Engineer: 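Okay, handing you the structure first.
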There are 2 protein chains.
Amino acid sequence: MSRITALTVRQEARRRRILDASTRLAAGGGFDAVQMREVAEESGVALGTLYRYFPSKIHLLVAVMQDQLGQLHDTLRDRPLTASSPGERVAETLLRAFRALQREPLLADAMVRAVIFADRSVRAEVDTVSVLTRAIILDAMRLGAEPSPDLLSAIRVVEHTWHATLVSWLADRSPVDQVREDLRTACRLIPPGLPG
Amino acid sequence: MSRITALTVRQEARRRRILDASTRLAAGGGFDAVQMREVAEESGVALGTLYRYFPSKIHLLVAVMQDQLGQLHDTLRDRPLTASSPGERVAETLLRAFRALQREPLLADAMVRAVIFADRSVRAEVDTVSVLTRAIILDAMRLGAEPSPDLLSAIRVVEHTWHATLVSWLADRSPVDQVREDLRTACRLIPPGLPG
DNA sequence: ATCGAGTCTGAAACTTGTTCTAGATTAGCG
DNA sequence: CGCTAATCTAGAACAAGTTTCAGACTCGAT
């Protein structure tokens with residue numbers, strides 16, 4: 001039994017080292033700087049092992065995104081939101097998240113481009129990212145009841161806008177102010193009342 | 001003088017052959033099937049020449065997108081829109097465009113993934129795509145005056161939703177009906193009156 | 001008709017993501 | 001402890017995007 005644990009522990013540690021190395025490399029040079037050989041070397045793992053843990057560079061970076069989203073979710077949970085309507089709270093939350101990304105733009109580059117470039121083979125992992133993102137948005141809304149289909153669609157549009165504005169910002173095609181404005185605009189789709 | 005024309009004509013022809021070959025390959029197998037060596041061979045051009053015309057695979061596919069958007073714009077111009085409000089006309093237009101993409105999903109895959117994956121080095125070309133897309137949206141709105149900043153932001157959100165829903169659809173993470181619903185939802189941001 | 005600049009070709013080389021292999025190590029079991 | 005399967009390692013090999021280079025060709029001008 002202790003051996004099972006030991007195995008899992010070592011493997012868990014390997015996985016962590018890989019994710020940390022990737023995060024570090026990404027923060028240092030963006031998507032292109034995360035090179036599989038270097039990730040393997042930095043995390044003290046053979047290339048083949050890296051590929052056993054993460055079947056592609058995209059899988060790896062999507063996992064980094066999951067990791068970061070989890071941390072973000074925790075951070076956001078601590079600080080209360082001040083806005084009074086659900087839409088405004090969502091906007092506030094996204095602007096906070098955006099501020100966090102601005103601190104590590106190259107890390108954001110690596111993660112966001114991986115998520116949007118991901119194809120069918122990464123479906124499950126990207127879905128997880130989507131669920132996490134939506135959880136953050138729903139948290140901010142503080143709904144009393146199940147969201148209606150219309151509201152769900154509005155939330156998806158907010159999420160889409162979130163991704164696409166980031167892409168546009170990362171490629172230097174949208175200034176920061178425009179990103180902020182567009183995020184707020186998208187949040188106007190969320191009705192001010194607290195619908196179920 | 002005739003020589004200048006002759007040169008330009010031959011070069012124009014080469015460029016066209018390259019774009020056509022890329023389009024064909026993309027339609028046949030999506031982003032991955034557009035392989036630079038094969039594009040070069042199919043268009044009867046050396047690899048180095050291909051790279052002289054289009055400095056990267058992304059540049060090439062973004063040019064294909066420009067090409068297709070131009071054709072789409074022409075097609076759309078012919079058939080009149082029936083909806084009465086600007087937002088509904090935009091929705092109608094995007095749904096038509098989406099229907100067109102559904103006919104060639106693999107071509108859509110190649111183009112859309114190139115556009116969203118493009119980095120700073122492709123800024124100018126992607127901006128052109130953005131301008132073309134916005135022109136299609138603005139055409140559908142039939143504005144009487146210059147759009148206000150708020151309206152411009154709403155249009156950008158519609159455009160962002162357009163891109164992100166496509167990405168999600170292409171990766172098999174959103175069903176067609178959801179794409180349609182979300183496009184309509186985003187278009188609700190465009191006010192029913194005809195604001196300047 | 002010929003020259004010089006710019007362009008095109010064909011092929012090799014380089015980079016980085018991905019796969020494969022043979023042998024060492026580790027885990028869990030009897 | 002000793003066995004077996006799974007895992008890990010080092011390193012070669014492969015695939016596709018990109019770069020490079022020497023030589024041939026084309027253009028436009030003289």
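Because the structure is predicted, anything quoted here is derived from the model rather than measured. Below, read A as the first sequence line, B as the second, and so on, with proteins coming before strands; counting in each chain starts at 1.
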Engineer: Any chance you could lay out the salt bridge (charged side-chain N to carboxylate O under 4.0 Å, His left out) test for A/E92 and A/R96, step after step, and finish with the verdict?
Structural biologist: CA-CA 6 Å; A/E92 205 181 333; A/R96 279 185 189 180; 3.6 Å; yes
Engineer: For residues 61-75 of chain B, pull every pair meeting side-chain hydrogen bond (donor to acceptor under 3.5 Å, both in side chains), keeping only residues two or more places apart or in separate chains.
Structural biologist: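 Found B/R16-B/D67, B/H73-B/D139, B/D74-B/R77.
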Engineer: Hey, can you pull the donor-acceptor pairs under 3.5 Å for the side chains in residues 153-163 of chain B, sequence neighbours left out?
Structural biologist:
{"unit_1": "B/S153", "atom_1": "OG", "unit_2": "A/D182", "atom_2": "OD1", "d": "2.7"}
{"unit_1": "B/S153", "atom_1": "OG", "unit_2": "A/T185", "atom_2": "OG1", "d": "2.6"}
{"unit_1": "B/R156", "atom_1": "NE", "unit_2": "A/D182", "atom_2": "OD1", "d": "3.3"}
{"unit_1": "B/R156", "atom_1": "NE", "unit_2": "A/D182", "atom_2": "OD2", "d": "2.8"}
{"unit_1": "B/R156", "atom_1": "NH2", "unit_2": "A/D182", "atom_2": "OD1", "d": "2.8"}
{"unit_1": "B/E159", "atom_1": "OE1", "unit_2": "B/R134", "atom_2": "NE", "d": "2.8"}
{"unit_1": "B/E159", "atom_1": "OE1", "unit_2": "B/R134", "atom_2": "NH2", "d": "3.1"}
{"unit_1": "B/E159", "atom_1": "OE2", "unit_2": "B/S130", "atom_2": "OG", "d": "2.6"}
{"unit_1": "B/H160", "atom_1": "ND1", "unit_2": "B/R156", "atom_2": "O", "d": "3.3"}
{"unit_1": "B/T161", "atom_1": "OG1", "unit_2": "B/V157", "atom_2": "O", "d": "2.8"}

Engineer: Distance check needed: C/dG10 C1' versus B/R52 CZ, whole Å only.
Structural biologist: 15 Å
Engineer: How long is the line joining CG of B/L50 and P of D/dA16, in whole Å?
Structural biologist: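 Value for this atom pair: 16 Å.
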Engineer: Remember a base hit wins even if backbone is also touched, and classify A/Y53 as base, sugar-phosphate or nothing at under 4.0 Å, heavy atoms.
Structural biologist: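 Sugar-phosphate, no base atom in range.
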Engineer: Expressed in angstrom and rounded to an integer, what is the separation of B/E41 atom CD from C/dC8 atom C1'?
Structural biologist: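 To the nearest whole Å, that distance equals 16 Å.
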Engineer: Over how many whole Å does the gap from A/R10 atom CZ to D/dA6 atom C1' extend?
Structural biologist: 14 Å
Engineer: Identify each atom pair where a protein N or O and an N or O of nucleotides 14-20 of chain C are less than 3.5 Å apart, giving names and distance.
Structural biologist:
{"unit_1": "C/dT16", "atom_1": "OP1", "unit_2": "A/Q35", "atom_2": "NE2", "d": "3.2"}
{"unit_1": "C/dG17", "atom_1": "OP1", "unit_2": "A/V34", "atom_2": "O", "d": "3.3"}
{"unit_1": "C/dG17", "atom_1": "OP1", "unit_2": "A/K57", "atom_2": "NZ", "d": "3.0"}
{"unit_1": "C/dG17", "atom_1": "OP2", "unit_2": "A/M36", "atom_2": "N", "d": "3.0"}
{"unit_1": "C/dG17", "atom_1": "N7", "unit_2": "A/R37", "atom_2": "NH2", "d": "2.5"}
{"unit_1": "C/dG17", "atom_1": "O6", "unit_2": "A/R37", "atom_2": "NH2", "d": "2.7"}
{"unit_1": "C/dT18", "atom_1": "OP2", "unit_2": "A/Y51", "atom_2": "OH", "d": "3.0"}
{"unit_1": "C/dT18", "atom_1": "OP2", "unit_2": "A/K57", "atom_2": "N", "d": "2.8"}
{"unit_1": "C/dT18", "atom_1": "O5'", "unit_2": "A/Y51", "atom_2": "OH", "d": "3.4"}
{"unit_1": "C/dT18", "atom_1": "O4", "unit_2": "A/R37", "atom_2": "NH1", "d": "3.4"}

Engineer: Without hydrogens or angle criteria, can the side chains of A/D119 and A/S121 be said to hold a donor-acceptor pair below 3.5 Å?
Structural biologist: yes
Engineer: Nearest-Å distance, CG (B/D119) to C1' (D/dG17)?
Structural biologist: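 Between C1' of D/dG17 and CG of B/D119: 14 Å.
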Engineer: Is there a donor-acceptor pair under 3.5 Å between the side chain of B/R180 and the backbone N or O of B/L95?
Structural biologist: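 Judged by distance alone, no pair lies under 3.5 Å.
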Engineer: Rounded to whole angstroms, how far apart are CD on A/Q11 and P on C/dG28?
Structural biologist: 9 Å
Engineer: In this structure, how many angstroms lie between the P atom of D/dA6 and the CZ atom of A/R14, rounded?
Structural biologist: 17 Å
Engineer: Which label fits A/F31 and B/F117: parallel for a plane angle under 30°, tilted from 30 to 60°, or perpendicular past 60°?
Structural biologist: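 Correct class here is perpendicular.
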